[in-house]
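Structure, as structure tokens:
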Amino acid sequence: QKTLTILDKPPLGISNDTLICIIDTLQLFAVGTGTFTWSPNYMINNINIPDPLVSPDVTTTYQVTLTDAFGCKANQSVTVNVKPFVTLAGGSDTTICQTDPVVLQLTSDALHYLWTETPAGNTLNDPTLKNPTATPIVTTTYHVVGNIGKCIAEDDITIIPVPYPAANAGPDEHVCEGGSVQLNASGGSIYSWSPTAFLTAANIPNPIAVKPTDNVRYIVTVRDVIGCPKPVKDTVIVFVDKIKADAGPRDTSVVLGQPLQLGASGSINYSWTPTTWLDNPSISNPIALPQNNIEYVVRVSNNIGCFDTDSILVKVFKVQPGLFVPNAFTPNGDGNNDIFRPIAIGMKSMDIFRVYNRWGQMLYSGTGNGAGWDGTFGGKGQEAATYVWYAEGVDYLNNKIKRKGTVVLIR
């Protein structure tokens, strides 16, 4: 067996449709096996060769006929579009935001393009494209030459980059609790603040944050109506400095001659008044050696002037250090004399405080200056009776003091 392929016409290839300038000459191409005949016989150098030269002065469609050895024929045509000149018009000069890309807009019927730039900067993605993308940093003029053969046209496009707004929300601010602070932004023509909480206005460069209750992070969006119109953001933090002075326990007591270590907290600067009997009134923990009852007031502040005050009342007992214990108490829940506890005067520590009933059963045991019995045992109130107590501690001179006695529980 043998397969025969029957073609209705011989294979024939030809040039693509194209265009030329009126002053140009173009070589056509036909590919095939056989004899060639071109028509019309207009502005063509040879109608019987596969690659004639043509130079029409009007748009012309050339047809070629290929005849093979068996007399089979094939026809193809190519249109040569003739242009009397090249049209080329660059777009308008443009202002862009610096670092932004821009596509150079060009209207033209040219076949080929070549762009150059002044000053030279290699800012085009491809200088041979009809509409390349430019990313200039400085004002740049782009010159383009478009051609169809020997006919050319050229034009310029200038791109002016302008910087983004130099948004600046200002330095971070500190404000005392209950105070106000003015913000100061710069860098553009239009301002917008977010959040708007505590601000007197949200669309001006210098609003006032009125009595913010806590730290706030403000973001300002800046736009410029003269240069780059795109928004730029910056941030400023308003820190609310809350000063809470603490001079220590509200009331305390010492015996005459006993040094008292004061201890305040709340910030970094301290000032005690009066300065009487203080070794250093400008620190947080001066030592006092009071001779009489006195109330000390401490002013606590930070470096921007935020402050608060607190006080401590010092009662001076002109007795020897010791444990002073009441002989009765009334645990009836009226808030008066409900807790039975020793009063430590001039004592460094209260190490033991215990209460026993008449049978020697321990009903309470505690340590520390706040130790005290509420008249209950196992969650039940004890009967009105006489109870035995024992206390032990160390005074400020490191002498151990022991005391014992009785107390009457009154119902």
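Numbers for residues simply follow the sequence, beginning at 1.
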Task: Sub-4.5 Å side-chain heavy-atom contact between L106 and L88 - done: yes

Any donor-acceptor pair under 3.5 Å linking the side-chain atoms of [Y] with those of [X]?
X    : Y    : result
S180 : K211 : no
T123 : Y142 : yes
K318 : N292 : yes
N206 : N184 : no
N81  : T59  : yes
T61  : T79  : yes
E154 : H143 : yes
D57  : Y42  : yes
S192 : N203 : no

Kindly say whether [Y] contributes a backbone atom to a donor-acceptor pair with the side chain of [X] at under 3.5 angstrom?
X    : Y    : result
T94  : S92  : yes
W115 : T128 : no
S108 : A110 : yes
Y62  : I44  : no
Y270 : S267 : yes
N357 : Q361 : yes
Q98  : I137 : yes
D279 : I287 : yes
D338 : N332 : yes
W272 : I283 : yes

Task: Trace of the ring pair (Phe, Tyr, Trp, His ring centres under 6.0 Å) decision for W373 with F329 - done: CA-CA 10 Å; W373 183 44; F329 75 115; 5.7 Å; yes

Non-hydrogen atoms of [X] and [Y] that approach each other most closely:
X    : Y    : answer
A385 : R358 : CB-NH2, 3.3 Å
P195 : V216 : CG-CG1, 4.2 Å
V222 : G187 : CG1-C, 3.7 Å
Q382 : F377 : NE2-CB, 3.3 Å
G90  : D155 : N-OD2, 2.8 Å
P207 : A201 : CB-O, 3.0 Å

Task: For H112, side-chain contact (heavy atoms from CB on, under 4.5 Å) partners two or more places apart - done: N147

Open item on the list: Would D109 and K83 count as a salt bridge (Lys or Arg N to Asp or Glu O under 4.0 Å) here? Give the steps.
Closed with: CA-CA 9 Å; D109 60 1; K83 295 287 185 178; 3.7 Å; yes

TODO: Mind running side-chain contact (heavy atoms from CB on, under 4.5 Å) on Y396 and M347 for me, showing each step along the way?
DONE: CA-CA 5 Å; Y396 76 94; M347 300 296 294; over 6 Å; no

Open item on the list: Between E383 and R411, does any NZ, NE, NH1 or NH2 come within less than 4.0 Å of an OD or OE carboxylate oxygen?
Closed with: no

Open item on the list: Taking the six-membered ring for Trp, are Y387 and Y364 closer than 6.0 Å centroid to centroid?
Closed with: no

Give every donor-acceptor pair under 3.5 Å between a side-chain atom in residues 304-317 and any protein atom, sequence neighbours left out.
{"from": "D308", "atom 1": "OD2", "to": "A245", "atom 2": "N", "distance (Å)": "3.0"}
{"from": "D310", "atom 1": "OD2", "to": "A247", "atom 2": "N", "distance (Å)": "2.9"}
{"from": "S311", "atom 1": "OG", "to": "E295", "atom 2": "OE2", "distance (Å)": "3.1"}

